[in-house]
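Chain letters run A, B, ... following the sequence lines, proteins first, then strands; residues in each count from 1.
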2 protein chains.
Amino acid sequence: MNPQDLIQKKRDSGRFLPAEIVAFINGVTDKTWADYQISALMMAMFINGLHQSEQNALTEAMLNSGEVLDFSELDASVADKHSTGGVGDKTSLLIAPIAAACGVFVPMISGRGLGHTGGTLDKLESIPNYNVNLSTTEFKKIIKKCGFAMMGQTAEIAPADHKLYALRDATATVESIPLIVASIMSKKLAEGLDALVLDVKTGSGAFMQSEREARKLAKALVKTGNAFNVKTEAVISDMNQPLGKYVGNALEVFECLTILQNETDKQTKQTLDLSIELAARILVLTKTASSSQKAKQKIKDVLASGEALEKFKENILLQGGNPKICDMPELLLDKNLLEVKIKSPESGFILEIDASEIGKAVSLIGGGRIQVDDKIDYAVGYSCDKKLGDKIKEHESLGTLFCRSETQAAKVLAKLQMAYKISLEKPVRKYELVKEIIS
Amino acid sequence: MNPQDLIQKKRDSGRFLPAEIVAFINGVTDKTWADYQISALMMAMFINGLHQSEQNALTEAMLNSGEVLDFSELDASVADKHSTGGVGDKTSLLIAPIAAACGVFVPMISGRGLGHTGGTLDKLESIPNYNVNLSTTEFKKIIKKCGFAMMGQTAEIAPADHKLYALRDATATVESIPLIVASIMSKKLAEGLDALVLDVKTGSGAFMQSEREARKLAKALVKTGNAFNVKTEAVISDMNQPLGKYVGNALEVFECLTILQNETDKQTKQTLDLSIELAARILVLTKTASSSQKAKQKIKDVLASGEALEKFKENILLQGGNPKICDMPELLLDKNLLEVKIKSPESGFILEIDASEIGKAVSLIGGGRIQVDDKIDYAVGYSCDKKLGDKIKEHESLGTLFCRSETQAAKVLAKLQMAYKISLEKPVRKYELVKEIIS
């Protein structure tokens, strides 16, 4: 099976046999396919689509291109949560210690931020000396000790995905449901899970802006997970505004630590609510709790008792960071930052927020990456002072930018102000954080 | 305009503005577009198509990616013929000297053979020391002296096409009419022509096997040529059997020289007839003759008088070859070759010939290229002893293979025999060499 014949088949809308998909992924992994052949086939897949059988075969071939973790020796449930990415989306930092405190093992392999979205690895690296570059042996050892570990994708896990994703990013073939599903699921299935909860974001700060597309993606992810015998559910959650209070790496860890310390306010409660919802589904899927209600009560218990915070502390110690931040989260904050208020140009109610513009603004001042190899300033970020539906007066603060200089602030101030749409009348629209559960 | 945005536009079936096409071709030429981005866009163009305005813009941008020849100083008509490629298709070697003998200048930039088709450059190089690697200055000088010159595509002529063609070949994006048109026309328009005649082949030995596709391609080529103020016509000609008598580089030059010596037989007459048809259209388009009939008479005159042969002799001398072959074409033939007859397994009439199988067989014994960098054995080839509609007896010869060894013959004998379909009854189908003129 030479590359041209396979490319031609999909170009002409043919349906691949599993062996043909395996030949393609082998060619990607052993480098016998040239990059330009891979990208031509991915464009043909993007435009002409993949049947469910092809999507499953692609996921399986990508999964088998690398190492698959095995936790069968643990004699306990292994589960994970994956989000399609958003702005201020920090629930992983709460869900992992919560689930671990409830007795579920969480082998969380995460990614880095790009463009308007943040990445769990970058957030963790805002904790001085926290090490996300673990070998799979170290990863498993830490999970056994404290119930969870967090690391980046290694060269051993789904190497074909690593290659394909970089090419898709450069060739405008990212937003294809079958390709997204194969990319996400090949990595998640490599974690050797019993259960997986997916947080599929929809709205102004999500990759899938429309709810219809988000639902399609969620259904495809759930179908694929279950086809591989991993109990899978998806939550469609709102990303029409940043999640919770802060956007920016150290600020987001700070927000999570205050929540684990049982200190919440109106803004951070949103982060907690979504984390509870997602963690509860993990507990139910792994039969750690017999109902969603019982799961939520269990979660509230491990939060109230400080057990979840204690798990995070253990983990930070094991991954090389300073566990003291769990008692003094303010250690994470840089006091030399300039705080610039984004003032509302008029009085009224907040009708719309372009979350992706807020994410981009934080990236532009160094809090994220515009290009893949950009260096990150972990301290900078943004605080949401008002959110959707809130009443605001002229000149009152919509949000606060934490930045390095006036020049930096000037670059993004207008963009941030324009990210908000103010209405004179109180909006009738309801802002539901969780829109739908797909199981 | 970054590559991703342009790729996305065509991926989503958008229509490019001329400036966007120019940005793409500039990116190809100055190497700021990666090969994988170029191939992704070409796949999107292949599947979603190009509008006529996009095809013209692509042709123009590719043309302007390199040098455009200018013959305005010559004070005479400049014309060329281009064929979409076939088996035994040697008319260029007759049309160039005929047109030159009639007073039309012919700057012929040709290609090499690949797969089942031959290339004019390879045929010329079977003439010992004939040099096809000319600079454009040498090329123009030779044209001024003898009326025509023949060379390969230089790095200066349409360099973007060179790059795109290599990638299309490796990514199954060859058979796209807009991409074929832009590729052919960017090179031909760079010759600075007044008129162009296209020989679009259809049938078992052609790239466009169906007559419907060939007609579509012919129309698109003619439309594009005329849009650039070059008088353009296309002839749709039959490629359901090799053209004329021989397939193989030296053998094809030999066939042309015997024709120029006014020695034709039933098989070689076909080569002559198509050459006259195509050359006559050049004479009419350049107003060298006032009608097709007068053009054909003029051509017959320069053949009968030996003026066309004399032109070829002059050209061979100027391009470094041995002009003696014009008087003794048999000098081209290698007497050490083994001649193996392909015998008919039954008696009847020849109903079908798979010309591409004959072309491939010749390539397989070294007469052409399977891979781009294969070396060529100029002497080997095939002679068509019987053609479509001919009566044949069991064990009578269908054709003769000129090869190096019995082992070589054994590799292709069965394939050659199977390329013929014999019918017991005389076929009613007519074999028209010229199927249609598109102007």
Next item on the list: Go through D12(A), L41(A), L167(A) and name the one with the most non-hydrogen pairs under 4.5 angstrom from chain B.
Entry: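 Among D12(A), L41(A), L167(A), the one with the most close pairs to chain B is L167(A).
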
Next item on the list: Using a cut-off of 6.0 Å, state whether more than 12 heavy atoms not belonging to K223(B) lie near its atom NZ.
Entry: no

Note to self: With a 6.0 Å cut-off (strictly less than), is the heavy-atom count around CE of M1(B), excluding the residue itself, greater than 12?
What the structure shows: yes

Next item on the list: Under the side-chain contact (heavy atoms from CB on, under 4.5 Å) rule, what do I47(A) and N48(B) come out as? Steps first, then yes or no, please.
Entry: CA-CA 9 Å; I47(A) 299 177; N48(B) 291 331; 3.6 Å; yes

Minimal non-hydrogen separation, [X] against [Y], with atom names:
{"X": "A172(A)", "Y": "R11(B)", "value": "O-NH1, 2.7 Å"}
{"X": "Y36(B)", "Y": "S39(A)", "value": "O-OG, 2.7 Å"}
{"X": "T171(B)", "Y": "A40(A)", "value": "CB-CB, 3.7 Å"}

Notebook entry, point to check: Could you state the interatomic distance from OG1 (T173(A)) to CE (M43(B)), rounded to the nearest 0.5 Å?
Noted result: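 It comes to 12.0 Å.
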
Check: So which part of D169(A) gets closer than 4.5 Å to some heavy atom of chain B, the side chain, the backbone, both or neither?
Finding: backbone

